[in-house]
Amino acid sequence: MFLVVPWTMPPSLEDPRAEARVLLEGIIKSKLQNLLSKFWPKAEVQLISFEDSERKTKTKITFESFDVSSQDGVVILRPEEQLQHIISLGHAHITVTDDSIYWDDPDECDSPALNKCSSNSVCINTLDSFTCVCEPGYYSLSPILSPACHEKGMFTLCLKDHVSGGISKPFLIHYFGGNVTVVLNDGRCSINETDKFYYYRITGAPSQCGGQTLINRTHVELRNALTVTLSSRRSITRRDLKVLWTCAYPLLQTSTARMKPGLDW
């Protein structure tokens with residue numbers, strides 16, 4: 001069977017391994033699975049391919065569904081009964097012609113006025129709405145910073161009463177190929193951890209957490225470093241990764257600061 005949607009695949013969604021493509025496929029499968037949720041026998045949807053359709057104005061998605069209640073191995077369900085079931089639902093945005101399901105839905109991703117995706121992100125049409133995913137190499141910092149997607153998921157906040165910084169946990173795990181161990185400066189202060197980030201926040205004297213303070217004629221510079229190592233004992237050829245956050249405060253204007261995160265091998 002075929003699902004025809006009123007938008008084309010942007011280059012960022014063509015790689016089947018990309019996070020945005022995996023998310024798109026999950027959304028499409030979930031929508032089809034929902035259409036067949038009350039169909040009997042119970043169906044399991046499997047997507048097969050995506051291809052341009054109707055002079056590259058639409059995308060045709062080929063899929064099959066299987067009878068998961070069968071005790072006789074893998075049984076592919078006949079399209080006719082499933083299409084009749086979908087017609088009976090009376091979905092406002094769906095029409096069925098021959099062996100194709102046409103989902104008529106505005107393409108929010110085609111116009112910046114219809115979606116709120118920031119720079120360095122990919123807009124994905126979810127059939128009824130949209131969602132935003134960071135481009136490869138960029139990681140979400142929402143709700144900490146806007147725009148949400150930053151390279152390597154790194155951020156620095158340099159304020160009068162505190163400094164803070166962080167880096168994407170998925171980036172580090174992907175880069176090292178496994179779980180990592182992190183140490184802030186000399187280890188006297190612990191690093192905070194969520195499912196998305198490793199981050200720190202220091203109030204008061206920067207030296208209390210082992211950070212460096214450098215002073216020249218024009219600026220006071222505060223430096224904090226994160227040492228990252230692979231948690232497992234297997235040998236690797238690269239050295240530990242050093243993540244460096246720098247806040248530079250003008251001596252005569254301490255209410256503002258230049259922010260400079262970086263990596264060093």
Side-chain angles (χ1 to χ4, degrees), residues 1-37 43-66 79 82-83 86 91-143 145-154 168-175 177 195-197:
M1 290 190 292
F2 307 100
L3 172 66
V4 181
V5 294
W7 39 263
T8 56
M9 295 272 284
S12 55
L13 294 177
E14 292 178 354
D15 183 357
R17 300 165 298 179
E19 178 186 359
R21 174 61 178 270
V22 172
L23 178 60
L24 172 65
E25 291 188 6
I27 291 169
I28 297 296
K29 182 176 179 179
S30 177
K31 293 290 186 180
L32 290 170
Q33 202 72 59
N34 186 58
L35 290 176
L36 296 171
S37 62
E44 175 69 29
V45 172
Q46 179 176 322
L47 304 183
I48 298 175
S49 64
F50 289 67
E51 58 185 286
D52 291 331
S53 179
E54 300 187 22
R55 298 182 179 181
K56 296 187 176 182
T57 61
K58 298 182 179 181
T59 298
K60 182 169 72 173
I61 304 164
T62 304
F63 70 97
E64 289 181 329
S65 54
F66 301 89
Q82 297 173 83
L83 293 173
I86 293 172
H91 197 293
H93 297 296
I94 289 179
T95 57
V96 176
T97 303
D98 298 326
D99 57 354
S100 297
I101 305 164
Y102 288 82
W103 197 302
D104 302 315
D105 176 58
D107 184 7
E108 292 88 352
C109 295
D110 189 47
S111 170
L114 297 178
N115 71 76
K116 304 298 182 181
C117 293
S118 65
S119 58
N120 303 316
S121 67
V122 179
C123 180
I124 297 178
N125 194 308
T126 61
L127 302 178
D128 287 337
S129 186
F130 70 94
T131 189
C132 311
V133 180
C134 294
E135 293 177 345
Y138 291 80
Y139 295 81
S140 175
L141 297 181
S142 178
L145 289 180
S146 181
C149 297
H150 286 238
E151 189 174 8
K152 303 179 182 68
M154 294 188 66
S168 166
K169 185 176 180 180
F171 162 71
L172 291 176
I173 292 174
H174 172 75
Y175 202 86
D195 60 335
K196 288 185 177 181
F197 308 109

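Note: hydrogens, waters and symmetry copies are ignored here, and every other heavy atom, side chains too, is used.
- For the residue pair Y102 and T97, the shortest heavy atom distance occurs at CE1-CB, 4.0 Å.
- Every residue two or more places apart in sequence or in another chain that forms a side-chain contact (heavy atoms from CB on, under 4.5 Å) with E44 is listed here: K29, Q33, V68.
- A side-chain contact (heavy atoms from CB on, under 4.5 Å) with I86 is found for exactly one of L36, T95, L32, namely L36.
- Applying the salt bridge (Lys or Arg N to Asp or Glu O under 4.0 Å) test to E51 and every residue at least two apart in sequence or in another chain returns nothing.
- Within the structure, salt bridge (Lys or Arg N to Asp or Glu O under 4.0 Å) contacts touching residues 96-123 (residues at least two apart or in different chains) do not occur.
- Every pair passing salt bridge (Lys or Arg N to Asp or Glu O under 4.0 Å) that includes a residue from residues 128-143 is listed here, sequence neighbours excluded: K31-D128.
- Atom NE2 of H91 is surrounded by more than 12 heavy atoms from other residues, nucleotides or ligands within 6.0 Å.
- Residues that satisfy the side chain to side chain donor-acceptor pair (under 3.5 Å) test with K169, not counting sequence neighbours, are E193.
- For the pair I101 and I94, the minimum side-chain heavy-atom distance is below 4.5 Å.
- Here E64 pairs with I48, F66, I76 under the side-chain contact (heavy atoms from CB on, under 4.5 Å) rule; sequence neighbours left out.
- Distance check, rounded to the nearest 0.5 Å: CD1 of I124 to CE of M9 gives 9.5 Å.
- Across all non-hydrogen atoms, the minimal contact from S37 to N34 is OG-O, 2.9 Å.
- For E25, the side-chain contact (heavy atoms from CB on, under 4.5 Å) partners are R21, L47, F50, not counting sequence neighbours.
- Residue pairs meeting the side chain to side chain donor-acceptor pair (under 3.5 Å) criterion with at least one partner in residues 4-13, sequence neighbours excluded, do not occur; the list is empty.
- With sequence neighbours excluded, the residues that form a salt bridge (Lys or Arg N to Asp or Glu O under 4.0 Å) with R17 are D15.
- With sequence neighbours excluded, the residues that form a side chain to side chain donor-acceptor pair (under 3.5 Å) with S49 are T62.
- Under the side-chain contact (heavy atoms from CB on, under 4.5 Å) test applied with K58, the options R55, E54, K60 reduce to a single match, E54.
- Residue Y138 holds its OH atom at 13.5 Å from OG of S168, rounded to the nearest 0.5 Å.
- In this structure, the side chains of Y139 and N120 stay at 4.5 Å or more apart for every pair of heavy atoms.
- Considering only heavy atoms from C-beta on, Q82 stays 4.5 Å or farther from L35 through its side chain.
- A distance below 2.5 Å between sulfur gamma atoms is met by C123 and C109.
- Smallest separation of non-hydrogen atoms from P6 and W103: CD-O, 2.9 Å.
- Scanning both residues, S119 and C149, for their nearest heavy atoms gives O-CB, 4.0 Å.
- The distance from the SG atom of C132 to the CG atom of N115 is 6.0 Å, given to the nearest 0.5 Å.
- Scored by the side-chain contact (heavy atoms from CB on, under 4.5 Å) test, T126 finds I27, S129, T131 as partners (sequence neighbours excluded).
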Start with the C-alpha distance between T59 and V4, add both sets of side-chain angles, then the distance that settles side-chain contact (heavy atoms from CB on, under 4.5 Å), and finish with yes or no.
CA-CA 6 Å; T59 298; V4 181; over 6 Å; no
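- Residues satisfying the ring pair (Phe, Tyr, Trp, His ring centres under 6.0 Å) criterion with F197, sequence neighbours excluded, are absent altogether.
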